[in-house]
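Presented below is the structure to which this report refers.
The chains referred to below are lettered A, B, ... by the order of the sequence lines, with proteins before strands, and numbering in each begins at 1. Since the structure is predicted, the reported quantities are computational estimates derived from the model, not experimental observations.
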Amino acid sequence: MNYWLLKSEPSTFSFTDLKTSPKRQTHWDGVRNYQARNFIRDGMRKGDLAFFYHSSCADPAIAGIVRIVSAAYPDHTAFDASDKHYDASSEPANPRWYMVDVRYERAFERALTLRELKQYKATQLAELALLRRGNRLSVMPIDAKQWNFIIELARQHSQD
DNA sequence: GCCAACGTTGGC
DNA sequence: GCCAACGTTGGC
């Protein structure tokens with residue numbers, strides 16, 4: 001079991017959008033960064049869990065948890081000239097970009113904000129890629145230790 | 001292979 | 001809207 005963090009701008013696709021999707025599921029298309037692609041294609045396994053992070057919004061935060069429910073497969077939106085993420089250099093015979101299917105798992109009682117996570121930047125979450133300076137990766141791995149710490153933070157908050 | 005220019009991300 | 005931090009592109 002591997003753990004991940006997936007970013008999405010809520011104005012484009014929010015955690016609630018996922019929850020209200022058919023079968024509470026969607027394909028995670030549009031990743032156009034090689035490092036993120038490699039995590040998806042080479043690292044993700046069916047059954048893995050990921051935090052759903054809201055970026056570029058008023059209150060950046062982890063909203064909840066999703067499950068990876070497929071292996072990686074070619075991102076077909078790269079082949080579609082009318083798609084925002086079209087990439088002519090990705091051909092069906094030799095796909096450049098990949099995606100997985102994700103399903104809503106559960107919401108935190110209260111979103112865990114970036115501001116709160118930063119309180120542990122020098123201690124328990126020092127290794128969290130999300131808090132590293134200048135990090136822009138939309139897909140990143142999380143160590144089990146940090147994953148569990150964040151789960152515990154969310155649990156404490158939900159008891160407030 | 002170098003590197004300047006440019007585009008994008010994302011917090012604030 | 002600003003700007004730092006990158007990643008990508010393309011001329012040389």
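For the residue pair A:Thr77 / A:Arg32, a side-chain donor-acceptor distance below 3.5 Å is found, with atom types taken as modelled.
Within 4.0 Å (heavy atoms only), A:Ser55 reaches sugar-phosphate atoms of the nucleic acid but no base atom.
When DNA chain B is scanned 5' to 3' for any atom under 4.0 Å from a heavy atom of chain A, the first and last hits are B:dG7 to B:dC12.
A side-chain donor-acceptor contact under 3.5 Å links A:Asp48 to the backbone of A:Asn2.
Other residues, nucleotides and ligands contribute over 12 non-hydrogen atoms within 6.0 Å of the CZ atom of A:Arg24. Heavy-atom neighbours of A:Arg96 CZ from other residues, nucleotides or ligands within 6.0 Å: above the threshold of 12.
The ring pair (Phe, Tyr, Trp, His ring centres under 6.0 Å) search around A:Tyr53 returns none, not counting sequence neighbours.
Applying ring-ring contact (aromatic ring centres under 6.0 Å, His included) to A:Trp28 and the options A:Tyr98, A:Trp97, A:Phe52 leaves one that passes, A:Phe52.
Contact annotation: the side chain of A:Ile151 approaches that of A:Phe51 to within less than 4.5 Å [non-hydrogen atoms, C-beta and beyond]. Using a 4.5 Å heavy-atom cutoff, the side chains of A:Leu49 and A:Met1 are in contact.
Listed in residue order, the members of residues 4-18 of chain A having a heavy atom less than 4.0 Å from DNA chain B are A:Lys7.
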